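The structure under discussion appears below in the form of structure tokens.
Values below: all heavy atoms of this structure, side chains included; hydrogens, waters and symmetry mates excluded. Please read all numbers here as calculations on a predicted model, not as lab measurements. Order of listing sets the numbers, starting from 1, for every ligand and every atom in it.
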Amino acid sequence: MKTIAVVGAGPAGLFASLHAAERARTVLLEKMPSAGKKLLLSGSGQCNITHSGETKSFLSRYGDAGRFLRGALYYLPPEKLLSFFGTRGIAFSREASGKIFPESRRAADILDLLTREAAKQGVDLVTRADVREAAVEGGRFRLRQNGGEIRIFDRLILAAGGCSWPGTGSDGSGFALAAQLGHSIVAPRPALTDVEIENFPLTGLAGVSLPRCGLTLRRQGRVIRRFEGDLLITHRGFSGPVILDASRGLEASDELVPDFSGLGEAAEERVIAWSSAHARRQLSSLFRILAAPQELCRALLAAANLPQSLPLAELSREKRKTLVGSFRDTGYRISRLGGFERARVTAGGVSREEINPKTMESRICPGLFFAGEIVDVDGDTGGFNLQAAFSTGALAGASC
Ligand SMILES: Cc1cc2nc3c(=O)[nH]c(=O)nc-3n(C[C@H](O)[C@H](O)[C@H](O)COP(=O)(O)OP(=O)(O)OC[C@H]3O[C@@H](n4cnc5c(N)ncnc54)[C@H](O)[C@@H]3O)c2cc1C
């Protein structure tokens with residue numbers, strides 16, 4: 001019987017093993033003491049496993065890698081992924097945002113089911129097996145583990161992840177294995193990460209979040225793009241889905257201009273209308289029409305030297321401009337993007353040009369397959385990365 005090695009027991013490797021084990025003796029090699037450490041952290045431990053919507057709509061959520069993923073996403077589309085778990089007893093709930101979570105909100109339930117299912121299918125999961133070297137010998141794959149142990153297999157699936165959150169085991173060593181087998185690696189960089197802001201004035205507001213906040217990206221004074229989504233203030237700058245998704249296109253020294261007013265282009269008009277209708281009230285009454293939570297409103301007024309007790313009748317044109325400017329036209333300059341230790345995923349990885357997207361097999365080394373984040377693919381927040389890991393895992397496992 002054919003033997004298959006899968007390196008890495010994350011979602012991609014676990015799913016690849018389940019599919020491979022239907023036809024071959026499958027060994028799943030994992031360097032950590034247990035499988036799926038990163039899966040357990042996903043969605044803050046709640047596991048945002050995938051997203052609502054047609055498979056076609058997923059293709060635009062992976063930057064320029066959407067076309068490459070087409071084969072895998074159609075092989076294992078979101079509804080098929082959910083029905084795999086559903087028929088084995090896991091119920092899911094959909095958020096209004098489109099994110100899908102297990103109803104229990106426990107990533108551990110997903111991982112437990114995967115490891116149980118792997119055992120049932122006869123997958124031999126070997127933990128503390130850190131694969132250090134890979135080579136082809138006589139058409140077979142020779143793997144050397146820590147401690148020097150050598151194992152030989154007919155097929156090899158590399159599913160060793162990227163290099164973000166290295167404490168979970170994905171420390172980039174999979175890229176070295178792919179390179180030993182002749183593959184080029186597109187320089188890995190942190191993706192889906194937060195940003196630090198130069199002299200950040202809102203440190204005291206860490207933890208405050210703004211749903212559906214408009215955000216403009218300015219580079220050297222020019223508007224580059226506009227985004228909208230949930231924004232989170234941190235001790236060092238900004239995070240939250242809108243920042244994580246935008247981070248793919250951000251650079252140090254870019255300026256981010258959040259619309260804390262939530263009023264968009266109509267901000268000044270709305271302030272004028274409110275002030276004339278409530279001339280005897282104080283400036284703080286404006287908080288009712290602004291999207292920012294009160295503590296942020298108070299901090300922005302203080303920074304702009306505008307007393308909250310100012311009667312609206314005394315809000316001069318100049319003061320009104322200052323107010324609107326501080327709520328929706330203040331640029332926050334990025335000093336640095338969060339590194340691999342804080343990035344949710346890794347951009348870059350094994351070059352897509354060297355992988356057949358219909359099978360996930362290497363175009364360079366026959367019998368070698370790839371699955372998951374080790375490939376130069378990264379998606380938006382919202383469940384797109386786990387979906388890509390499961391879909392590429394299933395396709396690689398079924399093709400080898
Ligand atoms: C904090 C956090 C939250 C996240 N939340 C979500 C979310 O809610 N939804 C979503 O879609 N995505 C989320 N992601 C991203 C998602 O978890 C990853 O994209 C996904 O885990 C990638 O799966 P993978 O199997 O390719 O790699 P990994 O999950 O990284 O697994 C790779 C495995 O390979 C093992 N390994 C590495 N090198 C070797 C070696 N040399 N020998 C043996 N084993 C090795 C590692 O120990 C690891 O277990 C999150 C990521 C983080 C960090």
Side-chain angles (χ1 to χ4, degrees), residues 5-17 27-51 58 61-62 72 78 81 95 99-102 105 107 110-111 114-115 125-134 143-146 149 151 156-178 180 190-194 239 241 244 338 340-347 349-350 360 370-375 377-394 396:
V6 181
V7 176
L14 281 159
F15 237 51
S17 312
V27 179
L28 175 55
L29 300 167
E30 167 58 50
K31 70 194 289 189
M32 300 298 277
S34 59
K37 288 247 175 221
K38 191 176 283 181
L39 179 60
L40 284 178
L41 293 179
S42 65
S44 306
Q46 302 185 17
C47 188
N48 172 200
I49 193 165
T50 187
H51 205 88
F58 274 56
R61 308 304 292 261
Y62 301 92
L81 175 67
E95 284 193 342
K99 292 180 182 177
I100 298 181
F101 292 86
R105 298 262 169 177
I110 298 290
L111 179 61
L114 287 170
T115 47
L125 168 62
V126 186
T127 54
R128 295 192 167 87
D130 184 355
V131 181
R132 299 281 173 85
E133 278 172 31
L143 304 183
R144 195 182 66 81
Q145 283 172 218
N146 50 327
E149 192 179 339
R151 292 170 186 257
L156 172 63
I157 303 177
L158 289 181
C163 43
S164 51
W165 288 60
T168 60
S170 358
D171 57 0
S173 60
F175 299 144
L177 298 175
Q180 287 165 21
L192 295 191
T193 192
D194 56 356
S239 186
L244 301 186
F340 283 119
E341 72 290 355
R342 297 209 302 269
R344 306 298 192 276
V345 292
T346 302
V350 178
M360 299 306 291
F370 295 97
E373 209 177 302
I374 191 170
V375 181
V377 163
D378 59 288
D380 290 346
T381 52
F384 298 100
N385 287 292
L386 283 176
Q387 177 69 53
F390 284 120
S391 292
T392 53

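- Every residue meeting the side chain to side chain donor-acceptor pair (under 3.5 Å) condition with Glu133, not counting sequence neighbours, appears here in chain and number order: Arg144.
- Put simply, the side chain of Phe58 reaches to within 4.5 Å of the side chain of Thr50, judged on heavy atoms.
- Shown here are the salt bridge (Lys or Arg N to Asp or Glu O under 4.0 Å) partners of Lys31, two or more places apart in sequence or in another chain: Asp171.
- Using a 4.0 Å cut-off between charged side-chain N and carboxylate O, Asp130 and Arg132 make a salt bridge.
- For Ser17, there are no side chain to side chain donor-acceptor pair (under 3.5 Å) partners at least two apart in sequence or on another chain.
- Between Asp378 and Thr346, every side-chain heavy-atom pair lies at or beyond the 4.5 Å cut-off.
- If you look at ligand 1, the protein residues with a non-hydrogen atom under 4.0 Å away are Val7, Gly8, Ala9, Gly10, Pro11, Ala12, Leu29, Glu30, Lys31, Met32, Lys38, Leu41, Ser42, Gly43, Asn48, Ala129, Asp130, Val131, Ala159, Ala160, Gly161, Trp165, Thr168, Gly169, Ser170, Ser173, Arg344, Val345, Gly372, Glu373, Gly383, Phe384, Asn385, Leu386, Ala389.
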